[in-house]
Amino acid sequence: MNTALRSESDASIRKAIPRRRRWLSKLKKDKWLYILLMPGLLYFLVFKYLPMWGVLIAFQNYQPFLGFWNSEWVGFEHFQNFFANPDFFRLLRNTLILAVYDLVFFFPAPIILALLLNEVRLAFFKRVVQTMVYVPHFVSMVIVASMTYVFLTTSGGVIHELVSAITGKSINFLADTSWFRPLIILQMMWKDSGWGTIIFLAALASVDMEQYEAAVVDGANRFQRLIYITIPAISSTIIILLILRLGSFLDNGFEQIFLMTNSLNRSVADVFDTYVYFVGITQGAFSYSTAIGLFKSVVGILLIYGSNRLAKRFGREGIF
């Protein structure tokens, strides 16, 4: 019995040695590829994985001078205080409304723009339009907010004066709570819709042209080719990006919201991201703000997992 076990262990060792040698030979062969991979790995390790230890303070009464290990452990106290806070439902409502607006209006915008650009046959005009819609992505959100203020201010804003001349009414776009959310979505669409078309244009470039030729022979018009060939061809890309977008469903973007918030529209402008800043940074409630961030992350994970399972149930390809 012992002899049989020893022979089996020796055989496994003999198998492991060639396997290790093959791995080392592959590593040596592709060493430059691994060297190129190192900066990306270090970035995720230093800025993504190591900071995960910071979620511990969500369960502590964290004091910077005591550190992680000596701060008082309070369990779920911060979560209970957050859910019992009268501001919770207001923040949740504002965050969810902006998130739904994002999915309904902003998410389809790059898809529609990519489909329109894909139908352009004049190459020079297509390149010019693509360049024009890409440029806003590289404009700072501070500049976008400043441009919004210049155009919409009641003190000589071009758009404000034009609307006032047409309607005879003076609308304070920057202070009116009913205009805050549309302005946020319009800024997002202007700034990032063009950049978002890159992925969809790449997906459209992989569509087999023979399908279009066969459809033309069968008498399909341009709209029918769009519905029955183009959109189904990029549907998997749309679903994957939608699943990934749901992972950040509660992330409305701190910088944009913060820049567009003022004392008159704060009732609809306060979201989780800005609340974390005011409570965590300005008031020093590090544990409380970390608990809020962890709550958002858990919701994002659940949405990704649920939407991925739902996509697979309908026969679509998920992300895992």
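- Distance check: Ile111 CD1 to Ile231 CD1 gives 9.0 Å after rounding to the nearest 0.5 Å.
- Val46 and Phe44 fall within a single hydrophobic cluster, where Ile, Leu, Val, Met, Phe, Trp and Tyr are joined by side-chain heavy atoms under 4.5 Å apart, directly or via other members.
- Across all non-hydrogen atoms, the minimal contact from Ala203 to Ser206 is O-OG, 2.6 Å.
- Residues passing the side chain to side chain contact (heavy atoms under 4.5 Å, CB included) test with Val120 are Phe125, Lys126, sequence neighbours excluded.
- Shortest non-hydrogen contact noted between Gln224 and Gly219 is OE1-O, 4.0 Å.
- Both Leu226 and Leu204 belong to a common hydrophobic cluster when Ile, Leu, Val, Met, Phe, Trp and Tyr are linked at side-chain heavy-atom distances under 4.5 angstrom.
- Counting non-hydrogen atoms of other residues, nucleotides and ligands closer than 6.0 Å to CE of Met52 gives a total above 12.
- Met38 and Leu45 are members of different hydrophobic clusters when ILVMFWY side chains are connected at heavy-atom separations under 4.5 Å.
- With Phe173 as reference, Trp179 is the one residue of Tyr149, Phe151, Phe180, Trp179 to meet the ring pair (Phe, Tyr, Trp, His ring centres under 6.0 Å) rule.
- Atom CD1 of residue Ile199 and atom CD1 of residue Ile238 lie 11.5 Å apart, to the nearest 0.5 angstrom.
- The shortest distance between side-chain heavy atoms of Tyr62 and Thr290 does not fall below 4.5 Å.
- Between Phe200 and Ala114, the shortest heavy-atom distance links the atoms CB-CB, 3.6 Å.
- Around CZ of Phe76, the count of heavy atoms belonging to other residues, nucleotides or ligands within 6.0 Å does not exceed 12.
- Going from atom OH of Tyr134 over to atom CZ of Arg127 covers 12.5 Å, rounded to the nearest 0.5 Å.
- Counting heavy atoms from C-beta on, the side chains of Phe59 and Val74 never come closer than 4.5 Å.
- Leu186 and Met188 fall into different hydrophobic clusters, defined by Ile, Leu, Val, Met, Phe, Trp and Tyr side-chain heavy atoms under 4.5 Å apart, directly or through other members.
- Within the model, atoms CG of Leu36 and CG of Asp30 stand 11.0 Å from one another, a figure rounded to the nearest 0.5 Å.
- When side chains are defined from C-beta on, Gln63 does not count as touching Phe286, because their heavy atoms never get closer than 4.5 Å.
- Within the model, atoms CG of Leu113 and OG of Ser193 stand 7.0 Å from one another, a figure rounded to the nearest 0.5 Å.
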Can I get a per-line list of side-chain donor-acceptor pairs under 3.5 Å for residues 259-272, giving both atom names and the distance, sequence neighbours left out?
unit_1, atom_1, unit_2, atom_2, d
Thr261, OG1, Ile257, O, 2.5
Asn262, OD1, Leu264, N, 2.9
Asn262, OD1, Asn265, N, 3.1
Asn262, ND2, Leu174, O, 2.8
Asn265, OD1, Asn262, N, 2.8
Asn265, ND2, Leu174, O, 3.3
Asn265, ND2, Met260, O, 3.1
Asp270, OD2, Arg90, NH1, 3.1

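- Side-chain contact of Asn85 with Tyr288: a donor-acceptor pair under 3.5 Å is present, judged by distance alone.
- Side-chain contact between Thr153 and Asn172 is absent, with no heavy atoms from C-beta onward closer than 4.5 Å.
- Tyr277 has its side chain out of reach of Asp273: every pair of non-hydrogen atoms, C-beta onward, lies at least 4.5 Å apart.
- Phe258 and Ile185 fall into different hydrophobic clusters, where Ile, Leu, Val, Met, Phe, Trp and Tyr side chains are chained together by heavy-atom contacts under 4.5 Å.
- Under the 6.0 Å cut-off for aromatic ring centres, Phe295 and Phe83 qualify, their centroids lying closer than that.
- At most 12 heavy atoms of other shown residues, nucleotides or ligands fall within 6.0 angstrom of atom OH in Tyr305.
- Using a 4.5 Å heavy-atom cutoff, the side chains of Asp102 and Asn252 are not in contact.
- The salt bridge (Lys or Arg N to Asp or Glu O under 4.0 Å) analysis of residues 227-244, with sequence neighbours excluded, yields no pairs.
- Residues Phe82 and Phe88 place their aromatic rings such that the two centres sit under 6.0 Å apart.
- For Asp192, the side-chain hydrogen bond (donor to acceptor under 3.5 Å, both in side chains) criterion is met by His137, not counting sequence neighbours.
- Among pairs with a residue in residues 161-185, none fulfils salt bridge (Lys or Arg N to Asp or Glu O under 4.0 Å), at least two apart in sequence or across chains.
- Within the 4.5 Å cutoff, no side-chain heavy atoms of Arg245 are placed close to those of Phe106.
- When all heavy atoms of Leu56 and Trp73 are compared, the closest pair comes out as O-CZ3, 4.3 Å.
- Through direct or indirect side-chain contacts shorter than 4.5 Å among Ile, Leu, Val, Met, Phe, Trp and Tyr, Ile229 is connected to Val207, Met209, Tyr212.
- Rounded to the nearest 0.5 angstrom, Leu98 CG and Leu250 CG are separated by 11.0 Å.
- The 12-atom threshold is exceeded at CZ of Arg121, counting heavy atoms of other residues, nucleotides or ligands nearer than 6.0 Å.
- Here the shortest heavy-atom pairing between His160 and Leu152 reads CB-O, 3.8 Å.
- Inter-residue side-chain proximity for Val142 and Glu255 is flagged as met; some heavy-atom pair is nearer than 4.5 Å.
- Shown here for Ile243 and Ile304, the closest heavy-atom pair between the two residues is O-CG1, 3.7 Å.
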